[in-house]
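In this chain, residues are counted from 1 in sequence order.
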Amino acid sequence: MYVAVGQFAVTADWEENARQCVALMAQAARQGAALLVLPEALLARDDKDPDLSVKSAQSLEGGFLQRLLAESQGNDLTTVLTVHVPTTPGRAANTLVVLREGKVIEQYAKLHLYDAFSIQESRLVDRGHQIPPLIDVGGFRLGLMTCYDLRFPEMALNLALAGAEVLVLPAAWVKGPLKEHHWATLLAARALDTTCYIVAAGECGNKNIGQSRVIDPLGVTIAAAAEAPTLLMAEIDRERVAQARRQLPVLNNRRFAPPQLL
């Protein structure tokens, strides 16, 4: 199966961002991808206003997502991204959505909010309370995660024990000392923890690193971006998952109980 990762810089204009997403969806479909992963928080972003993503929150029936759903009606591509959805006045949920054939087939409110490195996402964002179910794409079972979730191996392990073979991760990984090293290390670690493919999309604006990646089940990077907008393509293979799990049966060899959500 071919997977695509769309990396771009989110602007302050939600309509421009929607056009960029639609263009990436069309390009990925033309190139034969079954899955497209886009970055986190795609409605709006402004370096001068860190709250714009929440201020610009839209319902799932809003104009941004409706444009993407209209594009998805014309092909079999499954698209994963996150947007902010209003909850109470002035607050929102950082919501991952999965689009296919003109419908939202799954959604997930981010469990782990980024209250770290002098940023407090929970100031305006409500955390989720449920691990999302797996979705099926092209014969693979996919687990869903968002950005800071990557730092919590329990979540990745929970999804792998539920049957995930691929973990998808929209992200907006903030720049800072050692942060690029953390990103690359954690992506490889989660692949090795779970013997899953990792398909991770990074936003590449002025404050975020980009560096989208596709990692195989033995921690090998098979496609990578730098800091510029791009569309990555990679082929993933279920036999590679099976081979990795024969060579490195960590899911079977573990001695601890499966992690549970608090």
Side-chain angles (χ1 to χ4, degrees), residues 3-31 33-87 90-110 121 124-125 135 137 144 146-147 168-173 199-210 212 225 227-233:
V3 301
V5 185
Q7 175 173 296
F8 68 102
V10 177
T11 74
D13 180 353
W14 73 261
E15 293 184 288
E16 173 58 30
N17 299 328
R19 285 191 288 271
Q20 182 64 62
C21 291
V22 166
L24 288 166
M25 292 168 71
Q27 184 180 353
R30 285 196 304 271
Q31 293 181 213
L35 172 72
L36 169 65
V37 183
L38 296 171
E40 178 187 23
L42 296 183
L43 277 168
R45 195 183 303 279
D46 188 335
D47 293 344
K48 298 178 181 178
D49 184 357
D51 298 338
L52 185 62
S53 292
V54 173
K55 292 175 182 177
S56 302
Q58 294 185 16
S59 73
L60 298 186
E61 292 73 38
F64 178 89
L65 207 57
Q66 292 308 306
R67 296 191 186 187
L68 275 61
L69 288 169
E71 174 65 25
S72 78
Q73 286 180 333
N75 55 59
D76 297 326
L77 181 70
T78 298
T79 302
V80 180
L81 63 142
T82 94
V83 292
H84 282 84
V85 175
T87 52
R91 298 187 65 84
N94 188 344
T95 305
L96 181 152
V97 291
V98 183
L99 314 181
R100 186 189 297 158
E101 296 178 343
K103 298 178 182 178
V104 176
I105 66 165
E106 192 53 72
Q107 58 183 287
Y108 156 64
K110 187 178 181 182
E121 187 177 11
L124 296 175
V125 176
I135 62 170
V137 178
L144 307 174
T146 301
C147 201
V168 299
L169 185 87
W173 202 262
V199 184
E203 199 267 348
C204 63
N206 292 330
K207 292 190 174 182
N208 297 321
I209 67 171
S212 299
E227 78 288 354
T230 191
L231 182 72
L232 290 181
M233 294 285 295

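Counting only heavy atoms from C-beta outward, the side chains of V98 and V104 never approach each other to under 4.5 Å. Using a 4.5 Å cut-off on side-chain heavy atoms (C-beta onward), T95 and Y108 make no contact. When side chains are defined from C-beta on, P170 does not count as touching C147, because their heavy atoms never get closer than 4.5 Å. Side-chain contact between L68 and M25 is present, with at least one heavy-atom pair separated by less than 4.5 Å. Here the side chains of L169 and V37 are not in contact, with every heavy-atom distance at 4.5 Å or above.
Listed for the S59 side chain is a donor-acceptor partner under 3.5 Å among the backbone atoms of E61. Judged by distance alone, the side chain of R45 and the main-chain N or O of V10 form no donor-acceptor pair under 3.5 Å. No side-chain donor-acceptor contact under 3.5 Å links S212 to the backbone of A225. Between the side chain of Q20 and the backbone N or O of A9 there is no donor-acceptor pair closer than 3.5 Å. Side-chain N or O atoms of T82 include none that pairs as donor or acceptor with a backbone N or O of E40 at under 3.5 Å. Using a distance-only test at 3.5 Å, with no hydrogens or angles considered, a donor-acceptor pair links the side chain of N17 to the main chain of L43.
Side chain to side chain, Q31 and Q27 meet the donor-acceptor criterion of an N or O pair below 3.5 Å.
In this structure, CZ in F64 is found 11.0 Å from OG in S56, a value given to the nearest 0.5 Å. In this structure, the separation between CG on L38 and CG on L99 is 8.5 Å, given to the nearest 0.5 Å. Note that CZ of R100 is 10.0 Å distant from OG1 of T79, once rounded to the nearest 0.5 Å. Distance NE2/H84 to CD/Q58: 12.5 Å, rounded to 0.5 Å. Rounding to the nearest 0.5 Å places CG of D46 at 8.5 Å from NZ of K207. Between the CG atom in L81 and the CG atom in L24 there is a gap of 11.0 Å [rounded to 0.5 Å].
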Open item on the list: Evaluate E15 against R67 for side-chain contact (heavy atoms from CB on, under 4.5 Å), listing each step before the verdict.
Closed with: CA-CA 9 Å; E15 293 184 288; R67 296 191 186 187; 2.8 Å; yes

- [ ] With side-chain contact (heavy atoms from CB on, under 4.5 Å) as the test, would you mind laying out the steps for L144 and I135 before giving the verdict?
- [x] CA-CA 8 Å; L144 307 174; I135 62 170; 4.2 Å; yes

Task: Step-by-step side-chain contact (heavy atoms from CB on, under 4.5 Å) determination, Q107 to L60 - done: CA-CA 10 Å; Q107 58 183 287; L60 298 186; 3.5 Å; yes

Task: L36 vs V5, side-chain contact (heavy atoms from CB on, under 4.5 Å): CA-CA, chis, key distance, verdict - done: CA-CA 6 Å; L36 169 65; V5 185; 5.8 Å; no

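A pairwise comparison of heavy atoms in G90 and V54 identifies O-CG1, 3.7 Å as the closest pair. Closest approach of C21 and F8 over heavy atoms only: SG-CZ, 3.8 Å. Across all non-hydrogen atoms, the minimal contact from A93 to T87 is N-CG2, 3.6 Å. What you find for A92 and A57 is that their closest heavy atoms are CB-CB, 4.0 Å. Here the closest heavy-atom approach between residue V3 and residue A33 is recorded as C-CB, 4.3 Å.
The pair D49-K55 meets the salt-bridge criterion, with a side-chain N (NZ, NE, NH1 or NH2) lying under 4.0 Å from an Asp/Glu carboxylate O.
No option in L69, N75, D76 other than D76 meets the side-chain contact (heavy atoms from CB on, under 4.5 Å) test with E101.
With a 6.0 Å radius and a threshold of 12 heavy atoms from other residues, nucleotides or ligands, E227 has its CD atom at or below the threshold.
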